[in-house]
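Data first, discussion second: the structure below is written as structure tokens.
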Amino acid sequence: MNFTPHNRVLIQGIAEPLATVHALHMRTYGTRIVAGVSPGYGGTKVDDIPVFDLVEMALSAVGEIDTTIIFTHPYAALDAALEAIAAGIRQIVLITEGIPPLDMVKLLRKAEITETLIVGPNSPGVIVPGQLLLGIHPAEFYTPGAVGLISRSGTLTYEIARELTLAGLGQSMGVCIGGDAILGSSFPQWLEIMDEDEHTDIIVLVGEIGGDSEEAAAHYIAEAIDKPVIAYVAGHTAPKGRRVGHAGAIIASQISELGNEIGTAASKTTAFERAKIPVANYPSQIPTLIKKTLRLPTKQSSV
């Protein structure tokens, strides 16, 4: 993987309004965006970024690309991702929300064969504070440091990053794995990445109601992760069985025969507590738990 300032980045769907805005934000942050792709817009430029009709044409013009960020329409995202994989790009960030589930199944099969890392869909991407922005994170909420942040919710990722920053706790990396039903990467994958990252001292995992990914993460942490982990689970006041935003998917618990309570905030919290992982009751409590775990002063900074 390449999550360094040397990362050479492509934006697919760069002619989309959201991509155009965030391409400028990423470049301002220091991300090396070398090209964009939007069929029919070849030969134009977006903020001095050359635009091509095809990924292959972009690579021929600018050379090797490490990461592509996809902003296309959900029904075009599969073709965009497969085109990137065929061109040899092995890191893909899917900002797009609502990619058809069968398209994601096809993409994940191809990604597994080619050892391609997929972040998302429905994700704000990855940020390495002070070095690299791959997506739409509000960079002003982040500051460099040693706390790794993994989340299922984009807005919660931002909120907790801000809480950490205000408490004087910088972040080594922030990643949202995405909010759609089928995701390209999982909590265990990113836990392993951050456990092996020399710049990360402690990990914050932010979960939500729906599915069993947090329960699986709690088991994985207990079995395989050496660094301390702090957890937070959103959705304690949500009506049972109700779909809330992108966090529903409680039916997954019935399919996996994990019991009727799997997918609830209480189930996830219990799983973390059984794994001896401290759980915050609300986002503003996370810095206190981190400082207690690392034995740091608990007085907030004036950032």
Side-chain angles (χ1 to χ4, degrees), residues 1 3-7 22 25-31 119 123-177 187 190-208 214 217-218 221 225-236 265 268-269 272-273 275-303:
M1 291 181 298
F3 293 119
T4 73
H6 303 293
N7 195 309
H22 285 283
H25 290 169
M26 283 184 270
R27 288 195 81 187
T28 301
Y29 199 70
T31 303
V119 180
S123 167
V126 179
I127 182 170
V128 180
Q131 298 187 47
L132 180 70
L133 174 58
L134 299 172
I136 63 174
H137 290 266
E140 64 272 19
F141 289 176
Y142 296 81
T143 189
V147 181
L149 179 57
I150 314 169
S151 175
R152 281 175 61 190
S153 165
T155 50
L156 271 175
T157 314
Y158 316 152
E159 179 181 353
I160 291 170
R162 184 175 182 274
E163 292 284 353
L164 294 171
T165 294
L166 291 174
L169 295 166
Q171 307 86 46
S172 57
M173 182 184 298
V175 59
C176 175
I177 64 174
F187 278 140
W190 285 99
L191 285 163
E192 182 180 1
I193 289 169
M194 292 190 181
D195 196 45
E196 295 175 354
D197 177 35
E198 62 181 11
H199 303 293
T200 301
D201 292 339
I202 190 168
I203 302 168
V204 174
L205 188 150
V206 183
E208 294 183 318
E214 289 79 5
I221 292 166
I225 300 301
D226 295 322
K227 291 180 180 176
V229 178
I230 304 294
Y232 170 72
V233 179
H236 282 273
K268 297 173 186 301
T269 299
F272 286 125
E273 289 174 344
K276 300 187 180 344
I277 299 163
V279 181
N281 295 317
Y282 34 86
S284 59
Q285 190 182 19
I286 293 173
T288 301
L289 290 177
I290 290 174
K291 291 181 177 182
K292 181 179 179 181
T293 301
L294 297 179
R295 298 182 179 179
L296 299 173
T298 57
K299 183 179 178 180
Q300 288 192 343
S301 72
S302 58
V303 175

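Numbering starts at 1 and runs along the sequence shown.
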Smallest separation among heavy atoms of [X] and [Y], with atom names:
X	Y	value
Val128	Ser172	CG1-O, 3.5 Å
Val279	Glu273	CG2-CG, 4.1 Å
Gly154	Cys176	N-SG, 3.6 Å
Gln131	Pro5	OE1-CD, 3.2 Å

Practice task
Please collect all side-chain hydrogen bond (donor to acceptor under 3.5 Å, both in side chains) contacts where either partner lies in residues 138-147, sequence neighbours excluded, each pair once.
Solution key: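 Listed by first then second residue: His137-Tyr142.
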
Handout entry: Full working for side-chain contact (heavy atoms from CB on, under 4.5 Å) between Thr200 and Lys227
Key = CA-CA 9 Å; Thr200 301; Lys227 291 180 180 176; 3.9 Å; yes

Give, for atom [atom1] of [X] and atom [atom2] of [Y], the distance between the pair rounded to the nearest 0.5 Å.
X	Y	atom1	atom2	value
His22	Tyr29	NE2	OH	14.5 Å
Ile160	Leu205	CD1	CG	9.5 Å
Met194	Met173	CE	CE	5.5 Å
Leu169	Asp201	CG	CG	11.0 Å
Lys292	Arg295	NZ	CZ	11.0 Å
Ile225	Leu191	CD1	CG	5.0 Å

Exercise for the section: Carefully, step by step, assess Ile203 and Ile150 under the rule side-chain contact (heavy atoms from CB on, under 4.5 Å). Expected result: CA-CA 8 Å; Ile203 302 168; Ile150 314 169; 3.9 Å; yes

Within the side chain of [X], is there an N or O that forms a donor-acceptor pair under 3.5 Å with the backbone of [Y]?
X	Y	answer
Thr31	Arg27	no
Gln285	Asn281	yes
Thr157	Ser153	yes

Practice task
Using a strict 4.0 Å threshold on nitrogen-to-oxygen distance, state whether Arg152 and Glu214 make a salt bridge.
Solution key: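 Salt bridge flag = yes for Glu214 with Arg152.
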
When you compare the side chain of [Y] with that of [X], does any pair of heavy atoms fall below 4.5 Å?
X	Y	value
Ile177	Phe187	yes
Val175	Phe3	no
Ser151	Tyr232	no

Exercise for the section: Taking atom types as modelled, find out whether Thr165 and Gln171 have a side-chain donor-acceptor pair closer than 3.5 angstrom. Expected result: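 Yes, side-chain donor-acceptor contact under 3.5 Å.
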
Problem - Any residue meeting side chain to side chain contact (heavy atoms under 4.5 Å, CB included) with Thr28, in chain and number order, not counting sequence neighbours - result: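 Applying side chain to side chain contact (heavy atoms under 4.5 Å, CB included) to Thr28 gives Leu24.
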
Practice task
Could I get the full list of side chain to side chain contact (heavy atoms under 4.5 Å, CB included) partners for Ile202, not counting sequence neighbours?
Solution key: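 Only Val147, Pro228, Ile230, Ile290, Thr293, Leu294 meet the side chain to side chain contact (heavy atoms under 4.5 Å, CB included) criterion with Ile202.
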
Exercise for the section: Among Asp195, Val126, Leu149, find the one that has a side-chain contact (heavy atoms from CB on, under 4.5 Å) with Trp190. Expected result: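 It is Val126; the other options fail the test.
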
